[in-house]
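To keep things clear, I will list the structure first and then write my remarks on it.
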Amino acid sequence: MLKIYNSLSRQKETFKPIEPGKVSMYVCGMTVYDLCHVGHARVMVVFDMIARHLRNIGFDVTYVRNITDIDDKIINRANENNESITELTERFITAMNEDSNALGVVPPDSEPKATEHMDQIIDMISALIKKKHAYVGSNNDVYFDVSSFENYGNLSGKNTEELRAGERVEVQNEKDDPLDFVLWKSAKPEEPSWPSPWGEGRPGWHIECSAMSTHCLGNHFDIHGGGQDLQFPHHENEIAQSVCSTGAEFANVWIHNGFVRVDEEKMSKSLGNFFTVREVLKDYQPEVIRFFILSSHYRSPLNYSIDNLEEAKSALTGLYTALRDAHVSNDIEPKKDYVDQFNSFMNDDFNTPKTISVLHELAKELNRCSDKSSKEAIEYATTLKYFGSVLGLLQDEPQAFLQAKTGSDDNELDEVAVQKFIDERSEAKAAKDYAKADEIRDHLVSLGISLEDTPQGTIWRRN
RNA sequence: GGCUGAGUGGCAGAGUGGUUAUGCAGCGGUUUGCAAAACCGUGUACCUCGGUUCAAUUCCGGGCUCAGCCUCCA
């Protein structure tokens with residue numbers, strides 16, 4: 001039985017799909033004006049893990065993750081760079097896909113773009129105006145009338161009185177109420193724009209997600225997700241727009257992942273304390289980042305640090321080491337007791353840290369098997385790799401992982417060079433010239449290569 | 001100021017009303033020419049003060065500290 005923490009009710013709930021056997025999930029994706037940082041990586045990896053698990057336990061999943069390709073930041077950045085909006089957004093969409101692929105993220109079933117859904121956006125705004133939930137301001141901007149939706153604030157646990165009392169809500173004269181938010185912005189000269197019943201303009205940020213989610217998944221769907229910072233106002237506004245325009249229920253379950261922190265502070269563009277995915281990939285294999293992300297619960301804060309990445313690397317190295325001489329078979333069923341355990345942890349609000357402890361347990365059992373081709377050993381290895389596939393881990397060839405270059409250091413020895421040193425050392429060893437053998441080994445260690453002497457010969461790995 | 005969430009062993013990080021998380025690091029051992037890897041063994045951890053209870057790190061209340069949202073943000 002799958003239980004998911006629903007931000008709307010602030011508790012774990014037993015998941016009941018709207019349509020038996022099917023799950024529809026919408027996740028707020030990236031605004032493509034810059035490279036993805038580790039915080040974005042967390043969203044991609046977390047919801048990928050969720051989609052994988054839902055599929056693994058038998059659901060037919062439709063996963064939609066949007067791309068925001070028009071907004072103020074994009075316009076500003078394009079102006080700064082002196083390039084067109086589309087040049088800019090296409091460049092960063094490509095970069096995002098590269099990062100996403102590197103992290104082992106299975107592409108969502110659909111990645112709708114705001115600019116390609118203007119009709120749906122305009123239709124929804126028209127419906128809101130018609131139903132008196134929105135109005136056209138004196139400047140021809142269209143605003144949503146927050147006071148017209150009595151459940152406003154349910155998701156974020158805020159009430160409109162307190163929000164109005166808050167000093168930080170900026171007062172804009174065009175709005176009837178400071179809480180009202182923009183649905184359609186009329187275009188200033190030189191700005192990209194689309195025709196609408198209210199003149200040339202572009203959509204506000206929140207409306208695109210309401211329009212695209214309901215367009216792709218229907219008015220009422222199962223899961224809506226995103227980073228915790230979107231809970232208010234973005235998701236709150238989405239609910240208001242969708243419910244008021246369609247008259248139907250919107251998302252049943254709201255999932256919000258926690259932040260990535262740097263020195264106990266949220267990693268964010270505005271604070272400037274972010275690390276881009278490709279920056280981290282210079283020093284670490286992508287799977288290390290993925291493992292790092294999954295090693296804490298998706299709702300907990302995740303502290304970004306070199307120490308923590310190193311720890312993820314060690315743990316993952318241990319798992320791959322166990323798989324190194326192991327045999328995996330497609331003809332063997334994963335061990336049922338472990339599968340039950342694994343699934344019960346995943347079904348408990350996607351408790352990946354717990355499932356990783358199962359991975360370690362299996363690796364230990366596998367290491368204990370003296371005969372790696374025994375049925376028992378094959379079962380452990382097969383089960384381990386199967387769990388890895390649900391988490392999006394451990395799918396590389398073990399030696400490929402253990403010997404992979406990280407890419408940032410051009411001085412790294414290549415495989416041929418390493419093998420030459422190993423051969424040289426083997427000769428020295430055979431001649432019982434241990435001083436020389438040790439000298440070669442020390443030299444390799446200083447170059448980041450560790451050797452292991454095994455009955456089958458000397459093998460190596462990169463540290 | 002309002003609203004969330006959190007405070008676990010050297011570090012990271014789950015979890016639980018009474019029984020081993022797990023990983024990294026450390027220590028002892030097995031193995032090894034020596035190592036490495038692996039295995040075995042090894043840790044009086046649960047912010048603070050009250051309360052409930054036979055029993056609380058776990059439930060309730062107060063306090064302290066931290067993070068987040070209330071403005072663009074994954």
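In what follows, every chain begins at residue 1, and chains take the letters A, B, ... in the order their sequences are listed.
For the residue pair A:D371 / A:S373, a side-chain donor-acceptor distance below 3.5 Å is found, with atom types taken as modelled.
Using P as the reference atom, B:U48 and B:U22 are 24 Å apart when rounded to the nearest Å. Comparing the C1' positions of B:G43 and B:G9 gives an interatomic distance of 7 Å, to the nearest angstrom. As rounded to the nearest Å, B:A6 and B:U57 have C1' atoms that lie 15 Å from one another. Straight-line distance between the P atoms of B:G50 and B:G1: roughly 26 Å, to the nearest whole Å. B:A12 sits 25 Å from B:C64 when the P atoms are compared, rounded to a whole Å.
In this model, the phosphate group of B:A36 is not approached by any side-chain N or O of A:T454 to a distance below 4.0 Å at OP1 or OP2. Within the 4.0 Å cut-off from OP1 or OP2 of B:C40, at least one side-chain nitrogen or oxygen of A:R368 is found. Between A:N367 and B:C39, a side-chain N or O to OP1/OP2 separation shorter than 4.0 Å is present.
Using a 4.0 Å cut-off between charged nitrogen and carboxylate oxygen, A:K3 and A:E13 do not count as a salt-bridge pair.
Backbone-only engagement by A:T321 is indicated by non-hydrogen atom pairs under 4.0 Å involving sugar-phosphate atoms exclusively. Counting non-hydrogen atoms under 4.0 angstrom, A:G39 reaches a base of the nucleic acid. Residue contacts shown for A:K364 are limited to sugar-phosphate atoms, with no base heavy atom under 4.0 Å away. At a threshold of 4.0 angstrom between heavy atoms, the contacts of A:S296 are confined to the sugar-phosphate backbone, with no base atom among them. Within 4.0 Å (heavy atoms only), A:I356 reaches no atom of the nucleic acid at all.
Positionally, the nearest nucleotide of RNA chain B for A:R299 lies more toward the 5' end than for the other of A:D453 and A:R299. The 5' end of RNA chain B is approached more closely, in terms of each residue's nearest nucleotide, by A:Y5 than by the other of A:R441 and A:Y5.
Base pairing of B:G68: its partner is B:C3, meeting the Watson-Crick or G-U wobble criterion (both donor-acceptor distances under 3.5 Å).
Scanning atom types as modelled, one donor and one acceptor separated by under 3.5 angstrom connect the side chain of A:K266 and the base of B:C73. At a cut-off of 3.5 angstrom, the base of B:G2 holds no donor-acceptor pair with the side chain of A:N159. Side-chain atoms of A:K158 come within donor-acceptor range of the base of B:C69, with a qualifying N/O pair under 3.5 Å. Not a single donor-acceptor pair, N or O on each side, falls under 3.5 Å between the base of B:A67 and the side chain of A:R261.
Nearest nucleotide to the side chain of A:F259, out of B:C39, B:A74, B:C24: B:A74. Of the candidates B:C72, B:A74, B:U22, B:C72 carries the atom nearest the A:W205 side chain, counting heavy atoms from C-beta on. Closest to the side chain of A:P353, out of B:C72, B:A37, B:G13, is B:G13. Nearest nucleotide to the side chain of A:S357, out of B:C39, B:C24, B:A21: B:A21. Distance from the side chain of A:M30 is smallest for B:A74 among the nucleotides B:C34, B:A74, B:C72. Comparing B:U22, B:C24, B:A74 against the side chain of A:H37 picks out B:A74 as the nearest. Side-chain atoms of A:E311 lie closest to B:C24 of the nucleotides B:C73, B:C24, B:C39. Closest contact between the side chain of A:R425 and the listed nucleotides B:A21, B:C34, B:A67 involves B:C34. Distance from the side chain of A:F232 is smallest to B:C70 among B:A74, B:C70, B:A37. Nearest nucleotide to the side chain of A:D229, out of B:C39, B:G33, B:A74: B:A74.
A:H360 places its NE2 atom 5 Å from the C1' atom of B:G23, with the value rounded to the nearest Å. Rounded to whole Å, the distance from NZ on A:K354 to P on B:G15 is 7 Å. Separating the CZ atom of A:F342 from the C1' atom of B:A14 is a distance of 15 Å, rounded to the nearest angstrom. At whole-Å resolution of the value, CD in A:E264 and P in B:A6 are 16 Å apart. A:L35 has its CG atom 13 Å from the P atom of B:A74, to the nearest Å.
A cation-pi arrangement is absent between A:K313 and A:F291, since the terminal nitrogen or guanidinium carbon is not both under 6.0 Å from the aromatic centre and inside a 45° cone about the axis. A cation-pi arrangement is found for A:R299 relative to A:Y5, the charged atom lying closer than 6.0 Å to the ring centre and inside a 45° cone about the ring normal. Judged by a 6.0 Å distance limit and a 45° cone about the ring axis, A:K429 is not positioned over the six-membered ring of A:Y434. In this structure, A:K269 satisfies the cation-pi test against A:Y33, with its NZ or CZ atom closer than 6.0 Å to the six-membered ring centre and inside 45 degrees of the ring normal.
A distance-only check finds a donor-acceptor pair linking the side chain of A:E279 to the backbone of A:T276 [under 3.5 Å]. Checking side-chain atoms of A:R202 against main-chain N and O of A:I70 turns up no donor-acceptor pair under 3.5 Å.
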